[in-house]
Amino acid sequence: MKKTTTQSRLLVLLGLIVMLTCLIIGIFSHYMSQRDISKQTYYLSEEISTLVSYYELEQEDNWQVSTFQDIRKKHPRLISNHLIFLDALGDSIERTGESLNRSSSLIIKSGNNLASSVEEDRLLVSQAVVNQNGRIGIIQLEQSLHEYPYSLGPVTVIVKGLIVCLSVMLAGLIVYYYRRNNQPVKYALSVVEEALEHPEKQQELIVTQNEWSLLYEKLNHLMKNNQQLYFRQLRAEERLDYILNSLEMGIITINLADKTKFLNEMATTFYYRPNGLKEAINQLQERLEQSHKTYLTEEITLTLPSYKVFKAVAKVNQLNPQLASAKEIVIVLYDVTPIKTIERAHGALIRNVAHELKTPITSIVGFAETLLEEQLPLETQQAFVEIIDKEGKRLNTLVNKILELLKTEHQTPEEQLVWEEIDQLITSEIAVYEPLLKKKKILVQHDYQVSTQIKLPEQYVQPIIKNLLENAIHYSPINSTVVISMKETKEELVLTVIDEGIGIAEEEQDRIFEKFYRVGQSRDRRKGGTGLGLSIVKNCVEQLDGKIHVQSQVDKGTSFVVFIPKNHLLSRHSRL
Ligand code: ADP
């Protein structure tokens, strides 16, 4: 019912538009033709004036058409085609072609010299004249409105064009309504086909009051449902796409029937990169197809341009149980690079630890066996026991350092952190090394310029002070000075440890923070160094989000500078 009302409203509106357009066109063309008639009248009266000037000079009474034609030749701009020369009573004396003959009465009636009128589709302009002999006559010029050169030309074309367009539209509309009412199946089919082809566009059959209305309503309902389903599916696809592309794992599906592939963003990145996954995935697909298995898992390692390890889990999915060939392979790629990197680092650490422990253990076991098996002089026995004792202590130091290193590789839980004033941490550490300092006659200068009482997490700061101080004492000569200073800038705390020791060659300075790395002669394990002290310092500085710099000159001395950002401590511990 509603649709019928809309339809009739539409028709009324269309009718109104057509009527309004016709009215506007009518008024417009009337205005234009009036304007043109007055223009034409003006031109004809101008022409008559030219003819009158000739007639008035005429002394003989033999005014003829040929005279008019002669005049026209002299005046090529004269446009009128028909001339009539009438006597005073209005009888035609001379005329060109066929023309009306009403001007005499016009002139006589109007009582004027010049008169004009439109009769049928012609314009007549007449003027009474007197020649030199006193002969009165009337010159009348006649012009068909269609021959007028300044006629409505372009406007008429536009108007005619508009009328044609409107007629075509109307005809189309009539045909459309005719088809709709008389070919309901054809009409409905075309709309339904369009709806199926373009479900995103809204299609609707206009329901009329006839036997088809119920079917149309059901079809409209179906088309609407289809459109909703289409949009729902589109949204689901978009959501799925978004989820698949946000995943931190690669997804690849390979349709085994038509070999088409789908790759999410992560898979695309590594599949198409140089030396990427392409080759490995193709091989995995081949192996899976040949093995007739439905599940396969493999590790894929990419080396260049960057190291990446993926755990690939491939599964065969039967898409259609009725169609054996309708299968796809789904490959999920887990990025296991971080785990593999840690595994590799741990492997290297274990190898290094075993290597470092081997020397003191071999030495202890060797000397102990000799002591047990051989009868040695007491002095040799004493020397061997001393070696065993020294190597045992070294072993102990090494194990303790390894444990310390492992401890500093992971962040200590917040609640387990112990907060200590920096001054306190430095003085207590110096106290530990007092005997050694005395022995080597080394003076430790302690310069502490921190305005506020700052507390720092002992777990990270103590190993830094301890290892830097230990190295400074260890690598300094007798009778030298070590300076430990603590300063505060707007953003950082700056801890500096300076010694006058053996120094570190420039080419070694980058490597001293590596685990088990020792420089030059200190590489000799018997000197007692473990090569772990600075690795521990580096780990602790990193836990504090800080930085460490080294400046050194061989045989002059070394200075280590540690920068600890204050905002990090503030936000993390609110202790400053
Ligand atoms: P180590 O236990 O051997 O001292 P570290 O990791 O603490 O191990 O130091 C690594 C190497 O850096 C040392 O072997 C040493 O050669 C050099 N080094 C560290 N600190 C200093 C220093 N203050 N003066 C000279 N050399 C140093």
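It should be emphasised that the depicted structure is a prediction, and the values quoted were computed from it without experimental measurement. One-based numbering, in listed order, for ligands and for the atoms of each.
If you look at D499 next to ligand 1, the close heavy atoms, those under 4.0 Å, all belong to the side chain. At a 4.0 Å heavy-atom cut-off, ligand 1 touches Y517 through the backbone alone.
Listed by atom number, the atoms of ligand 1 under 4.0 Å from T530 heavy atoms are 1 (P), 2 (O), 3 (O). Each of the following atoms of ligand 1 lies closer than 4.0 Å to a heavy atom of L532: 6 (O), 8 (O). The atoms of ligand 1 that sit less than 4.0 Å from any heavy atom of V519 are 12 (O), 14 (O), 16 (O), 17 (C). Close contacts of ligand 1 with G529, meaning ligand atoms under 4.0 Å from a residue heavy atom, involve 2 (O), 3 (O).
Screening T496, L495, D447 against I484 for a side chain to side chain contact (heavy atoms under 4.5 Å, CB included) leaves a single residue, L495.
The shortest separation from a heavy atom of T558 to ligand 1 is under 4.0 Å, placing the residue in contact.
Using a 4.5 Å cut-off on side-chain heavy atoms (C-beta onward), K224 and H221 make no contact.
Geometrically, ligand 1 and S535 share no nitrogen or oxygen pair separated by less than 3.5 Å. Considering backbone and side-chain N/O of L534, one or more are found under 3.5 Å from N/O of ligand 1. Here's the thing with I504: none of its N/O atoms is less than 3.5 angstrom from an N/O atom of ligand 1. Here's the thing with F560: none of its N/O atoms is less than 3.5 angstrom from an N/O atom of ligand 1. Checked against a 3.5 angstrom limit, the closest N/O atoms of G531 and ligand 1 fall inside it. In terms of N/O distances under 3.5 Å, ligand 1 is not approached by R518.
We find that E386 and K393 are not joined by a salt bridge, their nearest charged nitrogen and carboxylate oxygen being 4.0 Å or further apart. Between E404 and K466, at least one side-chain N (NZ, or NE/NH1/NH2) sits under 4.0 Å from a carboxylate O, which counts as a salt bridge. E298 has a carboxylate O that lies under 4.0 Å from a charged side-chain N of R287, or vice versa, which qualifies the two as a salt bridge.
Remark: R235 fails to qualify as a cation-pi partner of Y230 under the 6.0 Å distance and 45° angle criteria applied to the six-membered ring.
For F270 and F310, the ring centers sit closer than 6.0 Å to each other. For an aromatic pair to be called close, the ring centres must be under 6.0 Å apart, and H549 with F563 satisfies this.
Between the side chain of D499 and the backbone N or O of S476, no donor-acceptor pair lies under 3.5 Å.
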